Structures are given as structure tokens and as C-alpha cells.
Amino acid sequence: MTSPCRTFLFAPGDHARRAEKALSLGADAAILDLEDAVALSAKVSARQAVRAALLLPRTARAYVRVNAFDTPFCFGDIDAVVGPGLDGVFLPKLEEASQLVAVDWMIGALERDRGLPAGAIDLVPIIETARGHAALPALAGSGIARMRRMAFGAADYTLDLGITWTREEAELTPVRSGLVLASRAAGLEAPIDTVWADLRDGDGFAASCARGQGLGFQGRMCIHPDQVPVANAAYSPSPAAVAWAHKVADAFAEAEARGLASIQVDGRFVDYPIVDRARRLLVVAARLG
């Protein structure tokens, strides 16, 4: 059973105190950032700070967002952070399957060289450009075993396409739906949704989480600790939903044993697709404890 992936909380990699806090603030995972949160002049020195943070006691899994594949920093970032304490790597601005293959090879070689379990480090590509969006089927179907899920970054995506990122986010629906579809078709986990930039708009963030969850995302990248409990709740089945799922699954199991394949539960029609949805929800609830 995979670990929960509702919340991934960013922290700047060159800020030791914030990185340490992010690993213990209730998120399922922290992302120690070597990309956008670190100035060009500090990128190399930030690697040492991230390496130290990965060895600290913590309550969350630890990921690192390295710099993009076509930058001078990507290889050095990966070489610096692959080691004990690293759960995964976020790879920004992914555009080609060949980039995935190269990064997978790098991580695999470092795992072998450093005595780490083969394939244990996740690789999470972030789709943030028009080329990445267009290449989704090839990226999702690349066959990289350590790539269990993908993520979406709206800030760079809307910048690349010249799109206005609105509060209602209707302009993001095509790429979000494309990510969910490509992930499902390739047998990957559901994707991780974009950050929400307006820290003053808590209601907007909650609504955005509800939209993402409704479209099929399993979790959210967060940029402030206050967003973590909101996203954890949005991507967790409610007690009422869990109770309903138990009721449906139990009633259908009893009916199926009597040779029935469709029933009513509290006036609602239930057949195999409905009960399969209920059983999926119960699996998620069990995973979340």
C-alpha cells in the first residue's frame, strides 16, 4: 500500500530552519527546493544545506526539487542529494521522455554506487510547459518504474502559454484533465496538483482543492503551512463518505451472494461501477488510516 500523497509542502533548500520545520508540520511530504526558491548565486551552496536537512528527524517524507534538466545545475543537484534520507526527486519543466530516461539512469547509478535500495527513490516530473502538456502520453507511458506519479505546475504553465491564471481556474481544466487521463492510461497513480499562489485567499485555495480532487488529483503541492490542513482534508474521504462506502460495499456483497448485480441503497441505484467506486474510496481511507 502506497504512502499518502495529499500534501507536499515546499521549503527553500538554502533556509535550514524552514526546511527543518517543513518536515514536521503535518504534510505527508516536504519538498526541499533547489529551483525557484533559491537565488542563482546560492544554488550550489544550497545543496549542502539540503543534504543536511535530509538527515534530520522528521514526521514527513522528504523530496527535493532539483533544477530543470536543461540547466547547468541539474546533474550537480542530483549527485548532491541522492543518499540516505531522500524519498524522491521532483523534476521541473519536464518536456521529453529522454529527459526522464537520463535522470532515471543518473539516480539508479547513484543508488548502486552508494549502497541504496534499487528503485527506492521516487521521480516526480512536473508538467509546466506547452511542450510538456503536448508530450503527456509519451511521458506517462515512458515505462520508468520509479516514476509513480506526475505533478502539475500552473505558474510556469500559464507563463509559457501567455494564459491569465484566474481565481476560478477554468483555463487550467484541459491540462489538469490531460494529466489525469494520461496517468490513468499509463497505470500511474493520480497526479499531484499545482500550488496556489494567493496566500491571502484561503477560500480560493479550498475551492481549488475541491476542483482538483473532483478532476481526479490525489493531492496538492503547498507553499505555506496554513495550506496543509486544508489540502489534507480536501484529499481525504470525509467520515460521511466512508460510512456510505461501507454501507454500499456491505449491501452489495450480500446481494451479490444472492445472485443480484444491481440493488438500491437508501433509494440510490447501485451496480458494479458504483460499488467499485465505494471500494476504491475504502482503499484510500485505509491508506490514510
Side-chain angles (χ1 to χ4, degrees), residues 1-5 8 10 13 19 23 28-36 38 43-44 46-56 58 60-129 131-132 135-153 179 182-192 218-219 221:
M1 186 176 293
T2 59
S3 301
C5 291
F8 291 79
F10 275 103
L23 290 162
D28 293 324
I31 304 174
L32 309 182
D33 193 19
L34 290 173
E35 194 207 16
D36 288 343
V38 178
K43 286 193 180 292
V44 173
R47 295 168 183 164
Q48 184 177 355
V50 166
R51 182 70 252 149
L54 292 172
L55 301 178
L56 295 172
R58 61 184 195 244
R61 304 194 306 281
Y63 286 71
V64 174
R65 180 168 69 174
V66 299
N67 285 276
F69 184 85
D70 59 357
T71 70
F73 305 104
C74 183
F75 177 82
D77 289 347
I78 294 170
D79 181 50
V81 303
V82 170
L86 179 69
D87 291 296
V89 169
F90 274 73
L91 181 63
K93 301 179 180 67
L94 181 74
E95 295 185 336
E96 299 176 9
S98 60
Q99 297 172 342
L100 270 176
V101 172
V103 172
D104 174 56
W105 183 89
M106 280 189 267
I107 295 174
L110 291 167
E111 285 173 334
R112 290 190 298 273
D113 186 59
R114 296 170 184 179
L116 303 172
I121 295 173
D122 285 345
L123 177 57
V124 185
I126 312 177
I127 306 305
E128 301 182 272
T129 67
R131 290 187 64 201
L136 271 174
L139 299 176
S142 61
I144 304 298
R146 72 174 75 250
M147 188 186 76
R148 299 168 178 89
R149 65 196 73 85
M150 298 188 291
F152 172 50
L179 264 162
S183 297
R184 181 62 180 165
L188 302 178
E189 293 182 15
I192 307 301
Q218 68 165 314
M221 294 184 287

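Please read these numbers as outputs of a predicted model, since none were measured by experiment.
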Nearest heavy atoms of [X] and [Y], plus distance in Å:
| X | Y | answer |
| --- | --- | --- |
| Ser183 | Pro191 | OG-CD, 4.0 Å |
| Leu23 | Ala30 | CD2-CB, 3.6 Å |
| Ala190 | Arg149 | O-CB, 3.9 Å |
| Ala62 | Gly85 | CB-O, 3.7 Å |

Indicate yes or no: at least one non-hydrogen side-chain atom of [X] is less than 4.5 angstrom from one of [Y].
| X | Y | value |
| --- | --- | --- |
| Leu34 | Asn67 | yes |
| Lys43 | Thr71 | no |
| Asp104 | Met147 | no |
| Phe73 | Arg47 | yes |
| Ile121 | Leu110 | no |
| Arg114 | Leu116 | yes |

Between [atom1] of [X] and [atom2] of [Y], what distance do you get to the nearest 0.5 Å?
| X | Y | atom1 | atom2 | value |
| --- | --- | --- | --- | --- |
| Leu91 | Asp122 | CG | CG | 13.0 Å |
| Cys74 | Glu35 | SG | CD | 10.0 Å |
| Leu139 | Leu94 | CG | CG | 5.0 Å |
| Arg131 | Thr129 | CZ | OG1 | 7.0 Å |

Check your understanding: Residues in salt bridge (Lys or Arg N to Asp or Glu O under 4.0 Å) with Arg61, at least two apart?
Key ->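 For Arg61, no residue satisfies salt bridge (Lys or Arg N to Asp or Glu O under 4.0 Å) once neighbours in sequence are set aside.
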**Study point:** All salt bridge (Lys or Arg N to Asp or Glu O under 4.0 Å) counterparts of Arg51, not counting sequence neighbours
**Key:**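 Partners of Arg51 under the salt bridge (Lys or Arg N to Asp or Glu O under 4.0 Å) test: none.
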Practice item. Tell me, with the steps shown, if Ile192 and Cys5 meet side-chain contact (heavy atoms from CB on, under 4.5 Å). Key: CA-CA 8 Å; Ile192 307 301; Cys5 291; 4.1 Å; yes
Point to revise | Test side-chain contact (heavy atoms from CB on, under 4.5 Å) applied to Met221 and Arg65, step by step | key: CA-CA 12 Å; Met221 294 184 287; Arg65 180 168 69 174; over 6 Å; no
Review point. Ion pair present between Asp70 and Lys93, side-chain N to carboxylate O less than 4.0 angstrom?
Key: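 So Asp70 does not pair with Lys93 through a salt bridge.
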**Study point:** side-chain contact (heavy atoms from CB on, under 4.5 Å) evaluation trace for Met150 with Leu179
**Key:** CA-CA 8 Å; Met150 298 188 291; Leu179 264 162; 3.7 Å; yes
Exercise for review: Report the C-alpha separation of Val124 and Tyr63 in whole Å, then their side-chain angles, then the decisive distance to 0.1 Å, and conclude whether the side-chain contact (heavy atoms from CB on, under 4.5 Å) test is met.
Suggested key: CA-CA 9 Å; Val124 185; Tyr63 286 71; 4.1 Å; yes
